[in-house]
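Below you'll find the structure, written out as structure tokens, and then a few comments.
Throughout, numbering of the chain's residues begins at 1 and tracks the sequence.
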Amino acid sequence: MDELTLDQYRNEGTFVRVVRDFLEINDVKGYVVAWDDDTVMIRRRNRRVVKLKRSYFIQRMDEPRQLPPGLLEDI
């Protein structure tokens, strides 16, 4: 995910989903708070902040859930 998109999500307060694997229950849902070269911080609705790898697939919650490109190739 590029810097401009993350900045747009943070400024607009966009509710996002971080897809980490095949299971939807493992998705992290929340708002983009901050990021650096390797990580992104997501504030969940319960106000806890989760620090995740930036390589995970981040998408808007109003879009249908998609698997990250290349995830199926890892099997």
Side-chain angles (χ1 to χ4, degrees):
M1 171 113 347
D2 64 343
E3 304 283 329
L4 294 175
T5 307
L6 286 172
D7 194 44
Q8 178 184 4
Y9 287 168
R10 183 182 58 83
N11 287 332
E12 294 176 358
T14 304
F15 196 55
V16 298
R17 168 197 328 257
V18 181
V19 179
R20 299 186 289 175
D21 58 18
F22 292 105
L23 301 175
E24 188 172 350
I25 198 166
N26 292 335
D27 293 354
V28 175
K29 301 168 189 151
Y31 303 93
V32 175
V33 176
W35 61 90
D36 61 18
D37 292 337
D38 302 320
T39 59
V40 61
M41 296 180 76
I42 304 292
R43 182 176 48 85
R44 299 173 64 179
R45 285 202 168 159
N46 63 3
R47 297 191 180 188
R48 292 182 186 245
V49 176
V50 181
K51 188 174 183 179
L52 302 165
K53 289 189 264 184
R54 218 168 131 180
S55 61
Y56 289 137
F57 188 63
I58 302 172
Q59 68 178 109
R60 299 170 63 98
M61 276 296 290
D62 57 2
E63 298 173 351
R65 185 179 190 268
Q66 299 174 1
L67 290 177
L71 185 62
L72 294 175
E73 298 167 1
D74 293 342
I75 299 177

In terms of hydrophobic clusters joined by side-chain contacts under 4.5 Å, are V16 and V49 together? no
Tell me, which pairs form a ring-ring contact (aromatic ring centres under 6.0 Å, His included) where one or both residues lie in residues 25-70, sequence neighbours left out? F15-Y31
Inter- and intrachain pairs under salt bridge (Lys or Arg N to Asp or Glu O under 4.0 Å), touching residues 37-59, at least two apart: E3-R54
At what distance, to the nearest 0.5 angstrom, does CG of L6 lie from OG1 of T14? 10.5 Å
Interatomic distance, T5 atom OG1 to R60 atom CZ [nearest 0.5 angstrom]: 10.5 Å
Expected output: side-chain Q59 to main-chain P64 donor-acceptor under 3.5 Å: yes
Output all residues satisfying side chain to side chain contact (heavy atoms under 4.5 Å, CB included) with N26, sequence neighbours left out; order by chain, then residue number. R20, D21, L23
Quick one: which of Q66, E24, E63 gives a side-chain contact (heavy atoms from CB on, under 4.5 Å) with R17? E24
Would you say the side chain of I42 lies within less than 4.5 Å of the side chain of V32, judging by non-hydrogen atoms? yes
Are V40 and V50 connected in a single hydrophobic cluster, I mean Ile/Leu/Val/Met/Phe/Trp/Tyr linked by side-chain heavy atoms less than 4.5 Å apart? yes
Closest approach of R10 to V33 (non-hydrogen atoms, all atoms of both residues): CD-O, 3.2 Å
Is M1 reachable from V28 through a run of I, L, V, M, F, W or Y residues, each pair having side-chain heavy atoms under 4.5 Å apart? yes
Check P68 against V19 and note the closest heavy-atom contact, atom names and distance. CD-CG1, 3.8 Å
